[in-house]
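Notes to accompany the following structure.
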Amino acid sequence: ADGSDAELELSPVRHQPEGLERLLARTKFTKKELQSLYRSFKSECPSGRVDEETFTLIYSQFFPQGDASAYAHFLFDAFDADHNGALCFQDFVVGLSILLRGTVQQKLKWAFNLYDVNKDGYITKEGMLEIMKSIYNMMGHSTQPALQDSAPAEHVELFFQKMDKNRDGVVTFEEFLETCQKVSSAVGGLWHQRHPP
């Protein structure tokens, strides 16, 4: 390959502070996928950074029947790995790689981080309730059958009954992981019973 080919190959990511090779190592995307994702990211966010307001506007377009702003806040915080109030391409693509192609444990860690509202290593009932209310608001009032106002609180109670093993009022990552892995194993076992090889 001559110099022009090399320049063309790297052009979609040349303005990124983190190089293509480093992103290839940190994600499970191919070079072509990263370049395509970067072009899409830059077309939506020409500055290369997305603040929470812009993120919320973009995300809300997917949920026109409800109010997605509160949930978008929690989602933004989960993607904003360095907590600097803006998403750069690296934040976005690393999170997306975990969600789409990460191991079960990586996905569970990411989900735990989403529910850990104040990022202290614990999921609390108060934080979980905030997120559940935001999810119900995002889904809108057009849900059939109509959801009761008590539904978010009931969801949180069920979550804590399953997850909070030592009944101390908070869920640690270890409790979260253990419960999720048990559920996954049970579902897998049921699948194999019904669909033998």
Side-chain angles (χ1 to χ4, degrees), residues 18 22-30 33-34 37 52 55 59 62-63 66 68 70-84 87-139 143 145 147-148 150-197:
E18 190 165 319
R22 189 137 178 247
L23 284 175
L24 282 167
R26 289 185 64 196
T27 68
K28 294 189 178 179
F29 292 119
T30 66
E33 287 171 330
L34 283 171
L37 285 166
E52 187 173 336
F55 180 85
Y59 189 76
F62 297 101
F63 298 93
Y71 186 72
H73 165 74
F74 297 118
L75 201 56
F76 180 88
D77 274 356
F79 272 103
D80 185 14
D82 53 9
H83 306 296
N84 66 357
L87 299 183
C88 62
F89 179 65
Q90 290 93 318
D91 294 330
F92 169 70
V93 81
V94 168
L96 195 62
S97 176
I98 290 169
L99 290 174
L100 296 178
R101 297 181 183 166
T103 64
V104 170
Q105 183 150 351
Q106 287 171 329
K107 289 176 183 178
L108 289 174
K109 184 70 175 169
W110 198 93
F112 182 87
N113 181 52
L114 173 69
Y115 289 117
D116 178 9
V117 172
N118 58 6
K119 309 302 180 225
D120 64 355
Y122 301 98
I123 299 174
T124 63
K125 284 189 176 182
E126 297 77 16
M128 184 78 175
L129 185 58
E130 283 183 59
I131 292 183
M132 284 300 112
K133 284 180 177 176
S134 75
I135 291 171
Y136 282 85
N137 286 340
M138 179 175 64
M139 300 314 291
T143 311
L147 296 167
Q148 302 297 315
S150 61
E154 290 169 6
H155 190 110
V156 170
E157 283 305 318
L158 283 171
F159 177 91
F160 270 78
Q161 283 174 23
K162 288 180 182 171
M163 297 279 178
D164 185 12
K165 299 296 184 188
N166 62 1
R167 303 288 179 246
D168 64 353
V170 295
V171 172
T172 64
F173 178 65
E174 290 72 23
E175 289 173 318
F176 184 77
L177 182 63
E178 180 186 345
T179 306
C180 291
Q181 286 177 331
K182 281 182 182 173
V183 169
S184 178
S185 294
V187 169
L190 188 59
W191 169 264
H192 287 299
Q193 284 177 3
R194 293 185 176 176
H195 304 88

[X] [atom1] to [Y] [atom2] distance, which is reported to the nearest 0.5 Å:
X: F173; Y: N113; atom1: CZ; atom2: CG; result: 10.0 Å
X: I98; Y: T27; atom1: CD1; atom2: OG1; result: 10.0 Å
X: T103; Y: K28; atom1: OG1; atom2: NZ; result: 6.0 Å
X: M163; Y: Y115; atom1: CE; atom2: OH; result: 9.0 Å

Mind listing the closest non-hydrogen atom pair of [X] and [Y] along with its distance?
X: L108; Y: F176; result: O-CE2, 3.3 Å
X: F63; Y: A68; result: CB-CB, 4.2 Å
X: K119; Y: L114; result: NZ-O, 4.2 Å
X: L96; Y: L37; result: CD2-CD2, 4.0 Å
X: D77; Y: H83; result: O-CE1, 3.9 Å

Judged by atom type as modelled, is there a donor-acceptor pair below 3.5 Å linking the side chain of K165 to the main-chain atoms of K162?
yes
Closer than 3.5 angstrom, by distance alone: can the side chain of D91 be matched with the main-chain N or O of D80 as a donor-acceptor pair?
no
Between W110 and F79, is the side chain to side chain contact (heavy atoms under 4.5 Å, CB included) condition met? List the steps.
CA-CA 9 Å; W110 198 93; F79 272 103; 3.9 Å; yes
Check side-chain hydrogen bond (donor to acceptor under 3.5 Å, both in side chains) between E126 and all other residues, then give those that pass, not counting sequence neighbours.
none
Residues F89, L23; criterion side chain to side chain contact (heavy atoms under 4.5 Å, CB included); working and verdict:
CA-CA 10 Å; F89 179 65; L23 284 175; 3.8 Å; yes
Can you spot which of Q181, E175, E174 makes a side chain to side chain contact (heavy atoms under 4.5 Å, CB included) with L177?
Q181
What pairs of donor and acceptor atoms, side-chain ones from residues 151-160 against any protein atom, are under 3.5 angstrom apart with sequence neighbours left out?
from	atom 1	to	atom 2	distance (Å)
E154	OE2	S150	OG	3.0
E157	OE1	K125	NZ	3.4
E157	OE2	K125	NZ	3.3

Sequence neighbours excluded, every pair satisfying salt bridge (Lys or Arg N to Asp or Glu O under 4.0 Å) that has a member inside residues 101-116
E33-R101
Plane angle bin for F55 and Y59 - parallel if under 30°, tilted between 30 and 60°, otherwise perpendicular
parallel
Set out, in order, the CA-CA distance, both residues' side-chain angles and the distance that settles side chain to side chain contact (heavy atoms under 4.5 Å, CB included) for V117 and I131, then state yes or no.
CA-CA 8 Å; V117 172; I131 292 183; 3.8 Å; yes
Test side chain to side chain contact (heavy atoms under 4.5 Å, CB included) on T172 and Y122 and set out the steps.
CA-CA 5 Å; T172 64; Y122 301 98; 3.7 Å; yes
